[in-house]
Amino acid sequence: MSGSSNIVAMKKVVQQLRFEANINRVKVSQAAAELQQFCIQNALQDPLLTGVSSSTNPFRTQKVCSFL
Amino acid sequence: MASQEESSQPSDTLTTLKTESETLKTKLEEERAKLHDVELHQVAEKIEALGQFVIKTRRTLKGHGNKVLCMDWCKDKRRIVSSSQDGKVIVWDAFTTNKEHAVTMPCTWVMACAYAPSGCAVACGGLDNKCSVYPLSLDKNENLAAKKKSVAMHTNYLSACCFTNSDMQILTSSGDGTCALWDVESGQMLQSFHGHAADVLCLDLAPSETGNTFVSGGCDKKACVWDMRTGQCIQSFETHESDINSVRYYPSGDAFASGSDDATCRLYDLRADREVAIYSKESIIFGASSVDFSFSGRLLFGGYNDYTINVWDVLKGTRMSILFGHENRVSTLRVSPDGTAFCSGSWDNTLRIWA
């Protein structure tokens, strides 16, 4: 009994591998160029990258305590 | 047909299948290698290096009585939900550091929590093997625990949970080795995802523009990308040398990063179907527990078990900065929805907002 369930499990593994082996892939050079392009296009809208000033970043607003 | 094969020579069929599986694995590696014409950091050599930037702790959220295990941002970019080993789930206003809600779970080690897209509910779970949803009431005196709804049931601990694009569905991952998609209203399981060979520790939903997929990572060192509608594993990646603690999609949806106990973070491109970068240094020997990208995807923040947060230049592969502050392991880290800040949670019982 355990023999046949091992076979069922292995058949699933083989099926999955066949599926994964056959997918379409692109070259790393192309994929990398697109990742880079996305970064560049969005760089100015990235507050942690550009270092948004206190006036526009709510977390950077410093509360100043003054003794009167 | 099947029964004839099994009863005649079962061991031969198993051997044939094993051989075929080895052949296919080799073929998979060969196909991937054919397209490996360049490294990501080589492509990135021509772009400008990042300048110095200052990121500091801007808020410290104190209130948990024990290790913070998980946190999530509300879409309003100011509220945060966090969960702890002490069984408490707290909703904070990160601007003021005020606690807005607190729930005591019936179990300790609440390893997962998530904010609903509407901002009106939170989901959490852990050693109770369940994922429960608590609607958040505007009435501070109302007992949130009374309105609790049990949604997901696993056969081992809940490691991560996340609402899909609405309050109506939740995706969960578990120590039982599976992930599952649930309908919140009925508690019914809509789809289950089998394929990991050990505990699944983390998951992340693809950005909505890229369709119905999610990525999961586990103790089997594998990261799997799943089709949410069919339950099928579409792609899998096995290059880490230890448990994968955290996975996060690149903002475009074309890649994802992972953080692992092998002390590295890695970037996997989905269209090239391979690992395209490793973020590591000989001096970093403790596991990475959690990772997230900045808004443009240029920076990768990694929280580590050596109490630090390392900031990596995703394209060039270099470390930009080390952030000190936590007094114990960093266990969870997420960038806010508009990228203005990120929050880290730690075994030192606090959360910190960095900007």
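In what follows, every chain begins at residue 1, and chains take the letters A, B, ... in the order their sequences are listed. These values consider heavy atoms only, across backbone and side chains, with no hydrogens, waters or symmetry-generated copies. Note that this is a predicted model, so its numbers are computed, not measured.
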By a 4.5 Å heavy-atom criterion (distance strictly below it), what part of [X] contacts chain A: side chain, backbone, both, or neither?
{"X": "Gln232(B)", "value": "side chain"}
{"X": "Leu270(B)", "value": "neither"}
{"X": "Val314(B)", "value": "neither"}
{"X": "Ala277(B)", "value": "neither"}
{"X": "Phe301(B)", "value": "side chain"}
{"X": "Ser336(B)", "value": "neither"}
{"X": "Val43(B)", "value": "both"}

* Asked: How are the rings of Trp354(B) and Phe342(B) set relative to one another: parallel (under 30°), tilted (30 to 60°) or perpendicular (over 60°)?
  -> parallel

* To do: Evaluate the ring planes of Tyr279(B) and Trp312(B), with Trp represented by its six-membered ring, and classify them as parallel (under 30°), tilted (30 to 60°) or perpendicular (over 60°).
  => tilted

* Mind ranking Val54(B), Leu267(B), Ile234(B), Val335(B) by heavy-atom pairs under 4.5 Å with chain A and telling me who comes out on top? =>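 Sorted descending by pairs with chain A, the first entry is Ile234(B).
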
* Asked: Which of residues 30-42 of chain B get closer than 4.5 angstrom to chain A, counting heavy atoms alone?
  -> Glu31(B), Arg32(B), Leu35(B), His36(B), Asp37(B), Val38(B), Leu40(B)

If I measure from the heavy atoms of chain B, does [X] come under 4.5 Å with its side chain, its backbone, both, or neither?
{"X": "Asn22(A)", "answer": "side chain"}
{"X": "Phe19(A)", "answer": "side chain"}
{"X": "Gln16(A)", "answer": "side chain"}

* Is the closest side-chain heavy-atom distance between Leu315(B) and Cys39(A) below 4.5 Å? ->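 Yes, side chains in contact.
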
Qualifying residues under salt bridge (Lys or Arg N to Asp or Glu O under 4.0 Å), relative to [X], sequence neighbours excluded:
{"X": "Asp227(B)", "answer": "none"}
{"X": "Asp338(B)", "answer": "none"}
{"X": "Arg271(B)", "answer": "Glu34(A), Asp254(B), Asp269(B)"}

* **Donor-acceptor under 3.5 Å (Arg58(B) side chain, Ala355(B) main chain)** =>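 Yes; at least one donor-acceptor contact below 3.5 Å.
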
* Asked: Could Glu238(B) and Lys221(B) be called an ion pair, given the rule that one side-chain N must be under 4.0 Å from one carboxylate O?
  ->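 The answer is no: the pair does not qualify as a salt bridge.
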
* Asked: Taking it one step at a time, do Asp313(B) and Arg298(B) satisfy salt bridge (charged side-chain N to carboxylate O under 4.0 Å, His left out)?
  -> CA-CA 6 Å; Asp313(B) 178 330; Arg298(B) 183 67 191 268; 2.8 Å; yes

